[in-house]
Each structure stands twice: as structure tokens, then as C-alpha cells.
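Just so we're clear, the structure is a prediction, and the values are computed from it rather than from any experiment. Numbering starts at 1 and runs along the sequence shown.
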Amino acid sequence: YKLRIIVLEKGNDVCAGTSKANSSIVHAGYDPEPGTLMAQLNRDGNAMFDKLTEELSVPFDRCGSYVVALTDEQTEHVKKLYERGVINGIPGLEVISGEELLKREPYATPEAKSALYAPTAGVVDPMLLTIALMENAVMNGAEYRLNFKVENIEKGENGYRIISAGETVEAECV
């Protein structure tokens with residue numbers, strides 16, 4: 001590609017805002033409404049994490065996750081999440097009993113009636129990942145502007161003007 005990329009960052013460093021406070025969870029994809037872009041991106045993005053984190057040398061633990069139901073009503077919700085996940089194409093989902101949960105996870109609550117197990121869920125350090133992604137972008141020619149608080153974006157004939165207090169960046173869309 002023949003692109004000129006500029007990453008604009010409001011903070012004084014990468015990962016100075018919301019990214020550093022991320023929950024670290026790489027969701028399996030059973031939660032989004034089927035047929036939505038979110039469902040597609042969640043499923044497809046999750047599947048990319050092993051290769052991405054390996055290439056960026058960022059630790060990633062595909063440890064799986066459980067949604068635990070303590071009541072019959074919550075068990076019905078767990079079943080709906082399972083059905084939604086199957087429609088979304090999430091591999092390996094299982095609805096298990098409370099007894100099975102305790103066999104797999106002895107420190108789980110004995111009050112569990114059931115659980116949804118999603119083996120493709122995982123965890124990653126959001127700061128390490130964000131920093132590695134930015135380093136990779138810069139090594140591949142992207143520019144990085146710190147302390148660039150976007151105050152306005154104006155649409156022009158061939159793209160956009162991105163306006164900050166001290167500077168304007170022209171973004172051409174071809």
C-alpha cells in the first residue's frame with residue numbers, strides 16, 4: 001500500500017487513556033446480537049489474537065471464560081447466550097451443570113446451577129498490546145502525534161481537516 005498514516009493521540013503517550021483501563025478480556029463473541037457488525041468483528045477479531053500477539057511478542061492467554069448462573073432465571077439467560085454464540089459462529093461453547101463447573105473450577109461457588117463455557121475467550125495486557133501495536137505502526141512508517149486533542153473535524157472535497165488547538169491535519173480519502 002502507498003499510504004501515509006498519522007496516528008493522533010490526545011495524551012502525552014500511547015495508552016494514556018481508556019486503553020490502559022481496559023478489562024484485558026478478549027471476548028469469545030457470544031454476547032453481541034447475531035447478524036450485527038459487532039458480532040462479526042468480535043468473532044473474527046478473537047480468531048486473530050493468537051497470530052497477532054505472537055507476531056508482536058505480547059503474552060496472550062486463551063484461558064476461556066465462564067458465565068455462571070446461580071438461579072433458574074440466570075440459567076435461561078446462559079442458554080440464550082449459548083444460542084446467540086452458536087448463531088455468531090463461536091466455536092466450542094458449552095452449557096455445563098454446576099457440578100461440572102466445580103469439577104473444572106474447584107474454587108467456583110457451589111451455588112452455581114449452570115455455566116456457559118467459552119474456550120476461545122482470553123486475556124491480554126492492554127498496555128503491552130497497545131504499545132506493541134503503536135511500535136509496529138511506527139516501524140512500518142506511521143507518524144505519531146502526541147498531545148493532539150481533536151477539537152473539530154471538517155469534511156472537505158477530498159477528505160477531512162482534523163483540527164487541534166495548535167495544528168490542523170489534512171486527511172485525504174482516495
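- If you chain together ILVMFWY residues whose side-chain heavy atoms come under 4.5 Å of each other, Leu8 ends up grouped with Ile6, Phe148, Val150, Ile153, Tyr160, Ile162, Val169.
- By the 4.0 Å N-to-carboxylate-O rule, Glu9 lies too far from Lys149 to be salt-bridged with it.
- To the nearest 0.5 Å, atoms CZ (Arg84) and CG (Leu116) are separated by 11.5 Å.
- Using a 4.5 Å cut-off on side-chain heavy atoms (C-beta onward), Tyr144 and Val14 make contact.
- Rounded to the nearest 0.5 Å, atoms CG (Leu41) and CG (Asn46) are 12.0 Å apart.
- Of the charged side-chain nitrogens involved, none lies within less than 4.0 Å of a carboxylate oxygen, so that Lys79 and Glu83 do not count as a salt-bridged pair.
- Alongside Met127, the hydrophobic cluster contains no other residue (criterion: ILVMFWY side chains under 4.5 Å).
- Look at Arg145 and Glu167 and you find a salt bridge, because one of the NZ, NE, NH1 or NH2 atoms lies within 4.0 Å of a carboxylate O, short of that distance.
- Side chains of Asp31 and Met38 form no contact here, defined as non-hydrogen atoms less than 4.5 Å apart.
- Between Ala121 and Ser65, the shortest heavy-atom distance links the atoms CB-OG, 3.4 Å.
- Residue Ser57 holds its OG atom at 10.0 Å from CD of Glu135, rounded to the nearest 0.5 Å.
- Side-chain contact check for Cys173 versus Asn158: every heavy-atom pair is 4.5 Å or farther apart.
- For the side-chain contact (heavy atoms from CB on, under 4.5 Å) with Leu52, the lone residue among Leu133, Asn136, Val58 that qualifies is Leu133.
- Under the 4.5 Å side-chain heavy-atom criterion for ILVMFWY residues, a single connected hydrophobic cluster contains both Val86 and Tyr30.
- When every heavy atom of Leu93 is checked against every heavy atom of Ala118, the shortest pair comes out as CD2-CB, 3.6 Å.
- Of all non-hydrogen atoms in Pro126 and Ser24, the two that sit nearest each other are CD-OG, 3.2 Å.
- Cluster membership for Val123 and Leu128, using ILVMFWY side-chain heavy atoms within less than 4.5 angstrom, is not shared.
- To the nearest 0.5 Å, atoms CZ (Arg161) and CD1 (Ile163) are separated by 5.0 Å.
- Nearest heavy atoms, Ala112 versus Leu101: CB-CD2, 3.7 Å.
- In the hydrophobic clustering of this structure, Val68 does not group with Leu81; members are Ile, Leu, Val, Met, Phe, Trp, Tyr whose side-chain heavy atoms approach within less than 4.5 Å, directly or through other members.
- Residues in residues 113-126 take part in these side-chain hydrogen bond (donor to acceptor under 3.5 Å, both in side chains) pairs, two or more places apart or across chains: Thr75-Ser114.
- Val95 and Val67 fall within the same hydrophobic cluster, defined by Ile, Leu, Val, Met, Phe, Trp and Tyr side-chain heavy atoms under 4.5 Å apart, directly or through other members.
- Ile25 contributes atom CD1, which lies 5.0 Å from atom NE2 of His27 (distance to the nearest 0.5 angstrom).
- In this structure, Arg4 and Glu172 have side chains that are not in contact, with every pair of non-hydrogen atoms separated by 4.5 Å or more.
- Atoms CD1 and CZ, on Ile90 and Arg43 in that order, are 6.5 Å from each other to the nearest 0.5 Å.
- Transitive grouping of hydrophobic side chains (ILVMFWY, heavy atoms separated by less than 4.5 Å) brings Leu146 and Ile131 into a common cluster.
- Here the closest non-hydrogen pair linking Tyr66 and Arg104 is OH-CD, 3.3 Å.
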